[in-house]
Amino acid sequence: MVINQIEYYSQVRARRVEWLWYPYIPYGKLTVIQGDPGEGKSTLILNIAALLSTGQPMPDGSSVEKPQTIIYQCAEDSVEDTIKPR
């Protein structure tokens with residue numbers, strides 16, 4: 001039997017947020033890129049993925065310690081005619 005316990009904020013230990021790209025992309029948190037069609041959301045995130053996967057600096061010049069493994073999920077674009085060609 002699982003018993004739910006109440007967690008009081010007075011018992012929570014605060015910690016700093018660590019950033020991949022301050023103040024846009026925090027480590028360990030969900031990041032959503034939202035906007036109207038054609039505004040460049042996919043281009044932006046694929047550019048960031050390319051930088052991370054090759055260990056290059058982020059757009060603001062901040063460095064990444066080493067190349068990162070990237071998982072890209074897209075529910076709007078076709079893999080064959082849109083994502084792969086990009």
Side-chain angles (χ1 to χ4, degrees):
M1 173 184 249
V2 176
I3 300 174
N4 293 330
Q5 294 184 357
I6 296 174
E7 184 174 18
Y8 294 96
Y9 286 121
S10 61
Q11 297 172 336
V12 174
R13 186 173 181 185
R15 64 182 166 107
R16 295 178 50 154
V17 173
E18 293 186 36
W19 296 92
L20 168 65
W21 183 19
Y22 181 83
Y24 307 106
I25 304 174
Y27 282 109
K29 312 255 185 229
L30 180 65
T31 300
V32 176
I33 298 182
Q34 182 274 330
D36 290 329
E39 289 188 337
K41 301 176 299 294
S42 297
T43 302
L44 171 66
I45 200 61
L46 287 171
N47 184 316
I48 292 171
L51 294 172
L52 291 172
S53 68
T54 57
Q56 295 182 47
M58 296 299 289
D60 67 348
S62 60
S63 63
V64 178
E65 290 183 23
K66 60 182 181 176
Q68 305 292 307
T69 300
I70 306 299
I71 298 173
Y72 180 70
Q73 177 186 353
C74 181
E76 295 178 355
D77 297 325
S78 167
V79 173
E80 297 85 7
D81 66 15
T82 306
I83 295 173
K84 175 72 175 179
R86 287 182 180 158

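For the numbers below, each heavy atom of this structure counts, side chains included, while hydrogens, waters and symmetry mates do not.
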Please go through Ile6's hydrophobic cluster and name the other residues, only I, L, V, M, F, W, Y counting, with side-chain heavy atoms under 4.5 Å joining them. Tyr8

Rounded to the nearest 0.5 Å, what's the gap from OG on Ser63 to CE on Met58? Could you check? 10.5 Å

Among pairs that include at least one residue of residues 23-72, which meet ring-ring contact (aromatic ring centres under 6.0 Å, His included), considering only residues two or more places apart or in two chains? Trp21-Tyr24

Ignoring hydrogens and angles, write down the donor-acceptor pairs under 3.5 Å from the side chains of residues 38-46, residues two or more places apart or on other chains.
unit_1, atom_1, unit_2, atom_2, d
Glu39, OE1, Asp36, N, 3.1
Lys41, NZ, Gly35, O, 3.2
Lys41, NZ, Asp36, O, 2.9
Ser42, OG, Asp77, OD2, 3.3
Ser42, OG, Arg86, NH1, 3.2

Got a sec, which residues hit side chain to side chain donor-acceptor pair (under 3.5 Å) with Gln34, two or more places apart in sequence or on another chain? none

Contacts of Ser53 that satisfy side chain to side chain donor-acceptor pair (under 3.5 Å) - sequence neighbours left out: none

Tell me every residue that passes side-chain contact (heavy atoms from CB on, under 4.5 Å) with Asn47, counting only those two or more places apart in sequence or in another chain. Leu51

Check side chain to side chain donor-acceptor pair (under 3.5 Å) between Ser78 and all other residues, then give those that pass, not counting sequence neighbours. Glu80, Asp81

Only counting residues at least two apart or in another chain, list the ones meeting side-chain contact (heavy atoms from CB on, under 4.5 Å) with Gln68. Leu52, Val64, Lys66, Ile70

Heavy atoms of other groups near Glu18 CD, more than 12 under 6.0 Å: no

Identify the two heavy atoms, one from Pro85 and one from Val79, that lie closest to each other, and give their separation to 0.1 Å. CD-O, 4.2 Å

